[in-house]
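The structure appears right after this line, and notes come after that.
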Amino acid sequence: KNKDGIRYIKSCKWFTKIWKSYKHNDIIYMYYLQDIPKLNSTYWLYDVGIEFDMCPTITDVSVLGTVHTLSLYRCPNITNVAALKTVHNLTLYKCNVADVSALGTVHTLRLDYCIKITDVSALGTVHTLTLNTCPKLTDVSALGTVHTLTLSHCYNITTDISALGTVHDLAIYNCSNITYLGLCIF
C-alpha cells in the first residue's frame, strides 16, 4: 500500500543483520534478529505483513507504522507503540508495552502476555480485540463498543462487565475473578 514507507524501512540503518527469514502466505517471518534486517529486493511488502520474533535489540518501531499487518513476538525492549496506530492488524506478544492508548485506531489488535498493560479504555474503537494474559488489567468496561472481543486469562478483571453486553461477539475464557456476568443469558 505505502511504497515510500517500505523504502524508508529498507534504507533504515537498523537493517543490518538477519539470522533466518522466510515468506509464507504473503507474510514475511523474521527470527533471531540482532537488529531489524535489511530487506533485500525480493521482499517488497506492499500489502503484506511483517512478523518479528525474538528481537531483543529492537526498541524503536516508528518506521513500521505504515505496514498493513505487523506481529511483534518476544521483543522485550519495545515499550512505545504509539507510532503503530495506523497499522491495520497488530499483534504484540510478550512486549513490555504499558501504554496502548494510541492503538484505538487499529482495526484488529491482539495483545498477548503484555504484562504491564493496566488501561485499555482507549481501545473501545478497535473492531476486533483480543486480550490474553494481561494480568494487571482490572477494568474492561470501556470496551462495550468493540465488535469482537476476546478476554482470556486476564485474572484480575474485577469490575462489573455488564457494559460489554453490546459487544457483538464476546468470548471470555479463564478470567476467574469476573464475578458479575449480568449480560449473560444461559
Leu90 CG to Thr69 OG1 distance, which is reported to the nearest 0.5 Å: 9.5 Å

OG1-CG distance between Thr128 and Asp169, expressed to the nearest 0.5 angstrom: 8.5 Å

Side-chain H-bond candidate by donor/acceptor type, Ser101 with Asp99, under 3.5 Å: yes

Main-chain N/O of Ile58 paired to Asn77 side chain as donor or acceptor, under 3.5 Å: no

CD1 on Ile78 to OG1 on Thr59, rounded to 0.5 Å: 8.0 Å

Nearest atoms (heavy-atom pairs only) where Thr125 meets Thr105: OG1-N, 4.5 Å

Asn156 (side chain) donor-acceptor with Lys136 (main chain) under 3.5 angstrom: no

Side chain proximity check, Val120 to Leu131, heavy atoms < 4.5 angstrom: yes

Pair Tyr73-Leu92, side chain to side chain contact (heavy atoms under 4.5 Å, CB included): steps then yes or no: CA-CA 6 Å; Tyr73 294 101; Leu92 301 175; over 6 Å; no

pair Thr130-Leu111: side-chain heavy atoms closer than 4.5 Å: no

Verdict with reasoning, Leu72 to Val61, per side chain to side chain contact (heavy atoms under 4.5 Å, CB included): CA-CA 10 Å; Leu72 300 170; Val61 293; 4.2 Å; yes

Side-chain donor/acceptor of Asn177 to backbone N/O of Thr158, under 3.5 Å: no

pair Leu151-Ile157: side-chain heavy atoms closer than 4.5 Å: yes

Which atom of Gly124 lies closest to which atom of Leu143, heavy atoms considered: N-CD2, 3.9 Å

Nearest heavy atoms of Cys154 and Thr133, plus distance in Å: SG-N, 4.0 Å

Leu64 vs Val87, side chain to side chain contact (heavy atoms under 4.5 Å, CB included): CA-CA, chis, key distance, verdict: CA-CA 8 Å; Leu64 299 173; Val87 173; 5.9 Å; no

Plane angle bin for Tyr113 and Tyr93 - parallel if under 30°, tilted between 30 and 60°, otherwise perpendicular: perpendicular

Atom pair OG1/NE2 of Thr86 and His68 - distance to nearest 0.5 Å: 11.0 Å

Atom of His153, atom of Cys175 and distance for their closest heavy-atom approach: N-SG, 3.9 Å

Residue that, paired with Leu129, satisfies side chain to side chain contact (heavy atoms under 4.5 Å, CB included) out of Leu109, Thr108, Thr150: Leu109

Flag, side chain of Thr79 to backbone of Val97, donor-acceptor distance under 3.5 Å: no

Taking every non-hydrogen atom, the tightest pair across Ala102 and Lys85: O-CB, 3.1 Å

Evaluation steps, side chain to side chain contact (heavy atoms under 4.5 Å, CB included), between Arg110 and Asp112: CA-CA 6 Å; Arg110 183 176 180 99; Asp112 291 316; 2.6 Å; yes

Pairwise distance CG(Asn174) to OG(Ser152) - rounded to 0.5 angstrom: 6.0 Å

Rounded distance [0.5 Å steps], CG in Leu137 versus SG in Cys114: 11.0 Å

For the student: nearest non-hydrogen atoms of Val146 and His127, plus distance: CG1-O, 3.6 Å

Side chain proximity check, Leu149 to Leu164, heavy atoms < 4.5 angstrom: yes

